[in-house]
Amino acid sequence: MGGQARVPKKVTRAKVAKAALKPQISKILPAEMLTRLHAAHPDAHCELVHANAFQLLCATVLSAQTTDVNVNKATPRLFAAYPDAAAMAKAEPIDLEPYVSTLGFFRQKSKSLVNLARALIEKHGGEVPRTMNELTELAGVGRKTANVVMGVIWHAPDGVVVDTHVQRLAQRLGWTRETEPVKIEADLCNLLPRDRWDLASHILIFHGRRTCLAKKPACATCSVNDTCPSAFEAEAVGRKPIRVRRVP
Ligand code: SF4
């Protein structure tokens, strides 16, 4: 469902810097655009493989600075060895390292998972708590991780998950002018009905991975290119301004 073809405009450093700071605000209802994006990505869902809340919590912690695909390659062996908080709490971080060594920051991540499992045992009887406050009190768990678990497992997120794709898409679609995840999340929560908060992030992530790529957004085939304020100029929006090298 693409709009009429528009001529791509030349992207300059000046445009990147300007647009990254002030993305245009869309005049089309975000909920309407989200419906069209959902039609383009009806399979949008959380791609971290998990069998329960504990596994999703661990997988989300492991997904920092790497892809879901990489996490999914590592977690089957990890969860076979440490299937729940009780088993993981008894381990030492060094025990987990061989299972997650293919992921970035694996030493720190191993430590985080063991500390997380121990906190779950000490404070919550080994269960994953259900509230934002309780979740974010756990070491290594921020709003993004907590919202992933609350949205995917209990369908009751406290906000919208803002990862790098959601951040870029929200700016390109004109749903926010903010650059800090917590402020972008607040804008998205104001614009979208609560019952769509969880799915919204999955839809935006799928669209960001498949169509609205950071460097080369495929605006010509995008289902909202007739309403997106960044269409055919998107390389300049939602990315850090390009650094200009100074000649000494
Ligand atoms: S920038 Fe292009 S690809 Fe991204 S949402 Fe807008 S029209 Fe679609």
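In each ligand, atom 1 is the first atom listed, and ligand 1 is the first ligand listed. Note that these values count all heavy atoms, side chains included, but never hydrogens, waters or copies made by symmetry.
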> So, for His41 and His207, is the gap between ring centers shorter than 6.0 Å?
Replying inline: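 Yes, the ring of His41 comes within the 6.0 Å limit of the ring of His207, centre to centre.
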> Can you list the ligand 1 atoms lying under 4.0 Å from a non-hydrogen atom of Leu173?
Replying inline: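 Here the atoms of ligand 1 in question are 5 (S).
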> Under the criterion side-chain contact (heavy atoms from CB on, under 4.5 Å), which of Ile153, Leu120, Val148 is the partner of Leu57?
Replying inline: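 With Leu57 as partner, side-chain contact (heavy atoms from CB on, under 4.5 Å) holds for just one option, Leu120.
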> Do Arg177 and Asp187 sit within salt-bridge range, that is, some charged N less than 4.0 Å from a carboxylate O?
Replying inline: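 Salt bridge flag = no for Asp187 with Arg177.
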> Taking atom CD of Glu134 as the centre, does the number of heavy atoms from other residues, nucleotides or ligands within less than 6.0 Å exceed 12?
Replying inline: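 Atom CD in Glu134 is packed in, count exceeds 12.
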>> Tell me if the CZ atom of Arg107 is crowded by more than 12 foreign heavy atoms within 6.0 Å.
In response: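 No.
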> What protein N/O/S atoms lie closer than 2.8 Å to atom 2 (Fe) of ligand 1?
Replying inline: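 N, O, S partners closer than 2.8 Å: Cys219 SG.
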> Looking at side-chain heavy atoms only, is the closest gap between Val166 and Asp163 below 4.5 Å?
Replying inline: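 When only atoms from C-beta onward are counted, Asp163 and Val166 do touch, with a gap below 4.5 Å.
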